[in-house]
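One structure below.
Counting begins at 1 with the first residue of the sequence.
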Amino acid sequence: MLGRSIPDVVLKTRVRDDSIEGPNPFRWQDVRTADLFAGKRSVIFSLPGAFTPTCSTEQCPAFERASQEIRDAGADDVYCISVNDAFVMYQWARHLGIKSVKMLPDGSGDFTRRMGMLVKKDHLGFGNRSWRYAMVVDDNRIVAWFEEPGLNDAGEDDDPYGETRPEPVLEWLMANPRP
């Protein structure tokens, strides 16, 4: 993965629009990943799904807690991307109290598939989801890669979570300041 450009795909997001009245003041906005990550250093982590146990109790909250340290170490932004739609990602962020991590919906799984990280989680009734990984991206190019071992489609794992914790990412950032 190192040295590769991230996939240029369109993510279907929802953004607040105060000109819209009523209880749901949001509009659709297409976001190109190539535009989103251009010209900056981003930390991006991916996980199997919103509202799932390890994702909700460990990984996403840990990155939220570490987000300021990650920014202090040179990242412009911290993103969570998951094969979930914009509505689910929004409600999950609200449920977890996420304020600093930016949530990205990969509803169709196009980004995840093109990253080579789309796996079948049919054994859990999830369908296609992301394998757990994290990366540092400089101007659309992957400069650091963290992946949980055992990538598979058969559920032959215990939902590993270790390599993709924020601590290894933060260590890498501190050892590799921006050029």
Side-chain angles (χ1 to χ4, degrees), residues 5-115 117-119 121 124-140 142 161 164-166 169-170 173:
S5 292
I6 61 162
D8 182 15
V9 300
V10 172
L11 302 176
K12 301 290 186 180
T13 68
R14 302 275 291 166
V15 296
R16 187 171 188 85
D17 184 340
D18 291 329
S19 71
I20 298 172
E21 296 193 21
N24 190 15
F26 294 87
R27 64 176 162 74
W28 289 104
Q29 181 171 309
D30 288 354
V31 174
R32 293 200 77 84
T33 54
D35 296 336
L36 188 61
F37 304 120
K40 62 183 181 177
R41 177 172 270 191
S42 303
V43 168
I44 305 162
F45 67 97
S46 188
L47 38 75
F51 294 103
T52 58
T54 303
C55 304
S56 294
T57 62
E58 299 289 334
Q59 193 172 17
C60 200
F63 272 93
E64 176 72 9
R65 286 189 303 271
S67 62
Q68 188 57 55
E69 275 186 280
I70 291 169
R71 283 184 181 86
D72 291 346
D76 293 300
D77 289 304
V78 181
Y79 295 90
C80 173
I81 190 165
S82 182
V83 182
N84 289 112
D85 64 62
F87 297 105
V88 169
M89 293 297 280
Y90 174 76
Q91 289 300 329
W92 187 44
R94 283 187 62 199
H95 175 78
L96 293 177
I98 301 297
K99 303 288 185 212
S100 297
V101 172
K102 296 179 178 183
M103 307 298 265
L104 295 175
D106 185 21
S108 64
D110 286 342
F111 183 86
T112 303
R113 178 182 54 79
R114 293 197 40 214
M115 285 296 298
M117 301 306 287
L118 192 66
V119 295
K121 292 276 189 178
L124 297 173
F126 290 177
N128 290 330
R129 294 298 178 105
S130 180
W131 189 252
R132 203 178 300 280
Y133 69 92
M135 61 183 163
V136 178
V137 174
D138 279 347
D139 193 23
N140 287 315
I142 301 167
Y161 174 61
T164 59
R165 293 173 301 112
V169 176
L170 186 55
L173 287 166

Stepwise side chain to side chain contact (heavy atoms under 4.5 Å, CB included) check, S108 with R113: CA-CA 9 Å; S108 64; R113 178 182 54 79; over 6 Å; no

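- Heavy atoms only, all atoms of each residue included: A38 and A34 are closest at CB-O, 3.2 Å.
- Scanning for side chain to side chain donor-acceptor pair (under 3.5 Å) contacts around D76 gives R178, with sequence neighbours left out.
- For the residue pair L170 and A73, the shortest heavy atom distance occurs at CD1-CB, 3.7 Å.
- Counting only heavy atoms from C-beta outward, the side chains of V31 and L104 never approach each other to under 4.5 Å.
- Taking T33 as the reference, I6, D8, V9, L11, F37, F111 meet the side-chain contact (heavy atoms from CB on, under 4.5 Å) condition, with sequence neighbours excluded.
- E58 meets the side chain to side chain donor-acceptor pair (under 3.5 Å) test with no other residue; sequence neighbours excluded.
- Using cut-offs of 30° and 60° on the angle between ring planes, the pair F51 and H95 is tilted.
- Smallest separation of non-hydrogen atoms from C60 and C80: SG-SG, 4.5 Å.
- Using modelled atom types, one side-chain atom of T13 and one backbone atom of Q29 make a donor-acceptor pair closer than 3.5 Å.
- In this structure a side-chain-to-backbone donor-acceptor pair under 3.5 Å is present from S46 to I81.
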Working for side chain to side chain contact (heavy atoms under 4.5 Å, CB included), residues I142 and M115: CA-CA 11 Å; I142 301 167; M115 285 296 298; 3.8 Å; yes

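- Under the 3.5 Å distance criterion, the side-chain polar atoms of D106 are matched with a main-chain donor or acceptor of D110.
- N24 CG to R16 CZ: the interatomic distance, rounded to the nearest 0.5 Å, is 9.5 Å.
- Taking CG from N140 and CZ from R32, the interatomic distance works out to 11.0 Å, rounded to the nearest 0.5 Å.
- Closest of all the heavy-atom pairs between V169 and R165 is CG2-O, 3.8 Å.
- To the nearest 0.5 Å, atoms CE (M89) and CG (N84) are separated by 6.0 Å.
- A 4.5 Å side-chain heavy-atom check between M103 and S82 finds every atom pair outside the cut-off.
- Shown here are the ring pair (Phe, Tyr, Trp, His ring centres under 6.0 Å) partners of F45, two or more places apart in sequence or in another chain: F63.
- Between G49 and R129, the shortest heavy-atom contact is CA-NH1, 3.3 Å.
- Shortest non-hydrogen contact noted between L173 and A75 is CD1-CB, 4.4 Å.
- Partners of D30 under the side-chain contact (heavy atoms from CB on, under 4.5 Å) rule, at least two apart in sequence or in another chain, are V10, K12.
- Counting only residues at least two apart or on different chains, the salt bridge (charged side-chain N to carboxylate O under 4.0 Å, His left out) pairs with a member in residues 33-48 are K40-D77, R41-D138.
- Applying the side chain to side chain donor-acceptor pair (under 3.5 Å) test to S56 and every residue at least two apart in sequence or in another chain returns W92.
- The side chain to side chain donor-acceptor pair (under 3.5 Å) check on R94 picks up nothing, with sequence neighbours excluded.
- Under the side-chain contact (heavy atoms from CB on, under 4.5 Å) criterion, D17 pairs with S19, I20, R27, sequence neighbours left out.
- Judged as a salt bridge (charged side-chain N to carboxylate O under 4.0 Å, His left out), not a single pair has a partner in residues 60-73 (not counting sequence neighbours).
- Taken to the nearest 0.5 Å, the OG1 atom of T112 stands 10.0 Å off from the CG atom of N128.
- No side-chain heavy atom of F126 sits less than 4.5 Å from a side-chain heavy atom of V119.
- Here the straight-line distance linking atom CG of L47 with atom OH of Y133 works out to 9.5 Å at 0.5 Å rounding.
- Residue pairs meeting the ring pair (Phe, Tyr, Trp, His ring centres under 6.0 Å) criterion with at least one partner in residues 5-26, sequence neighbours excluded, are F26-Y90.
- Scanning for ring pair (Phe, Tyr, Trp, His ring centres under 6.0 Å) contacts around Y161 gives an empty result, with sequence neighbours left out.
- Atom NZ in K102 sits 11.0 Å away from atom OG in S67 (nearest 0.5 Å).
- At a threshold of 4.5 Å between non-hydrogen side-chain atoms, the residues T52 and K121 do not count as touching.
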